[in-house]
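Below you'll find the structure, written out as C-alpha cells, and then a few comments.
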Amino acid sequence: MSDAASTFLGLSAPLWQSLGLTLRLAACTTIILGVIGLPLARWLNRTRCRLAPILETFVTLPVVLPPTVIGFYLLLAFSPQHAPGSWWRAVVGLPLAFSFTGLVIASVIYSLPFAVQPFQAALRSVPHDLLDAGAASGASPWRVFLRLHIPLAWRGLLAGLTLGFAHTLGEFGVVLMIGGSIPGVTKVASIALYDEVQRLDYAQAHGLAAVLLAVSFILLFLVTLLQRRAR
C-alpha cells in the first residue's frame with residue numbers, strides 16, 4: 001500500500017507531482033515541436049535537396065525504433081564523455097542527462113515525427129492556386145506562409161501539436177533512459193505508474209492509469225475531430 005497520504009481523487013501527493021511534471025514536459029515539448037517542426041515540415045515539402053530523404057528518414061526513425069534504443073544513444077550523447085553533454089556542462093555547469101532539460105530535448109526528438117508528419121500533410125492540403133495568387137501579389141514567401149499557408153492549414157497543424165502533446169504523455173522508454181526516476185525532476189507519470197506496480201500498490205496504479213487514459217482519450221478524440229473536419 002502507499003505510504004503517502006492520499007490528497008485528491010485517491011492519488012497521493014507524489015503521484016500528482018509526477019502528473020504535473022508530465023504536463024509541464026508535454027507543454028515544453030509541444031511548444032518546441034511547433035517552433036522547429038513547422039519550418040522543418042515546410043522545408044521538407046518544398047526542397048529538392050538530395051539530402052532531404054536522409055533527413056526525413058532520421059526524423060521518422062522514432063516511429064519504428066524501440067524507445068530504449070533512442071534513449072540509449074541520447075544517454076551516451078548527453079554524458080560528459082561526449083561532445084553534446086560535455087559542451088552543455090561547460091556552458092551551464094550542470095549535467096544534461098538525468099535533468100528536466102535533458103528530458104525535454106529527448107522528448108522533442110522522440111515526438112518529432114508525430115508532429116512533423118501531420119504538419120506536412122496539412123501544408124500539402126492547401127491549394128497551390130491560392131499560394132501562387134499570394135506570391136503573384138508581391139508578398140514574400142514567408143509572408144505567404146504566415147498569412148495564407150498557416151491560416152488555411154490550422155486544423156491539421158493543431159492536430160499535429162495535439163498528437164505531439166499526447167505522445168509525450170505516454171513516453172516511457174526514452175524518459176527512463178534519460179531521466180531515471182528522480183522525484184520532482186524527472187519522475188514523470190509513466191515512470192511513477194511503473195514504480196507503483198513494482199510496489200504492488202495497484203490502487204494507486206489504477207488511479208494514475210485512469211487519469212492518463214482519460215487525458216489521452218480526450219486529446220486523441222480532439223485530433224480525430226480536427227482531422228475529419230480538415231478533409
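Please read all numbers here as calculations on a predicted model, not as lab measurements.
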Nearest heavy atoms of [X] and [Y], plus distance in Å:
X	Y	value
Leu163	Val223	N-CG2, 4.0 Å
Gly160	Pro118	CA-CB, 3.7 Å
Arg89	Pro95	NH1-CB, 4.0 Å
Gly180	Ile191	O-CG2, 4.0 Å
Ala122	Gly156	CB-CA, 3.6 Å
Thr22	Ala189	OG1-N, 2.7 Å

Is [Y] close to [X] at the side-chain level, that is, under 4.5 Å between some pair of heavy atoms?
X	Y	result
Leu55	Leu40	yes
Ile178	Thr186	no
Leu23	Phe165	yes
Leu75	Phe78	no

Review point. Do other residues, nucleotides or ligands put more than 12 heavy atoms under 6.0 Å from the CZ atom of Arg124?
Key: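 Yes, enclosed.
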Practice item. Please list, chain by chain and in numerical order, all residues satisfying side-chain hydrogen bond (donor to acceptor under 3.5 Å, both in side chains) with Asp132, sequence neighbours excluded. Key: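 Residues passing side-chain hydrogen bond (donor to acceptor under 3.5 Å, both in side chains) with Asp132: none at all.
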Exercise for review: Mind checking side-chain hydrogen bond (donor to acceptor under 3.5 Å, both in side chains) for Ser18 and listing every partner two or more places apart, or none if nothing turns up?
Suggested key: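 By the side-chain hydrogen bond (donor to acceptor under 3.5 Å, both in side chains) rule, Ser18 matches no residue at all.
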Review point. Are Glu171 and Ser107 close enough that a side-chain donor and a side-chain acceptor fall under 3.5 Å?
Key: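 Yes - a donor-acceptor pair under 3.5 Å links their side chains.
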Determine whether a donor-acceptor pair (N or O, by modelled atom type, separation under 3.5 Å) exists between the side chain of [X] and the backbone of [Y].
X	Y	answer
Ser99	Leu96	yes
Asp201	Glu196	no
Thr224	Leu220	yes
Ser79	Leu76	yes
Thr168	Ala26	no
Gln120	Arg42	no

Point to revise | Selection residues 173-190 - residue pairs positive for salt bridge (charged side-chain N to carboxylate O under 4.0 Å, His left out), sequence neighbours left out | key: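 Residue pairs with at least one partner in residues 173-190: Lys187-Asp195.
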Practice item. Using the test side chain to side chain contact (heavy atoms under 4.5 Å, CB included), find all partners of Gln17 that sit at least two apart in sequence or belong to another chain. Key: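 Side chain to side chain contact (heavy atoms under 4.5 Å, CB included) check on Gln17 returns Pro183.
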Review point. Excluding sequence neighbours, so at least two apart, what forms ring-ring contact (aromatic ring centres under 6.0 Å, His included) with Trp88?
Key: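 Result, ring-ring contact (aromatic ring centres under 6.0 Å, His included) vs Trp88: none returned.
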**Study point:** Geometric class of the Phe114/His167 ring pair [parallel <30°, tilted 30-60°, perpendicular >60°]
**Key:**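 Parallel.
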Review point. Should side-chain heavy atoms under 4.5 Å link Ile, Leu, Val, Met, Phe, Trp and Tyr, which residues sit in the same cluster as Leu146?
Key: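 Taking Ile, Leu, Val, Met, Phe, Trp and Tyr as members, Leu146 shares its hydrophobic cluster with Leu38, Phe119, Leu123, Trp142, Phe145, Ile150, Leu157, Leu161.
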Exercise for review: Rounded to the nearest 0.5 Å, what's the gap from CZ on Arg24 to SG on Cys28? Could you check?
Suggested key: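 One finds 6.5 Å between CZ of Arg24 and SG of Cys28.
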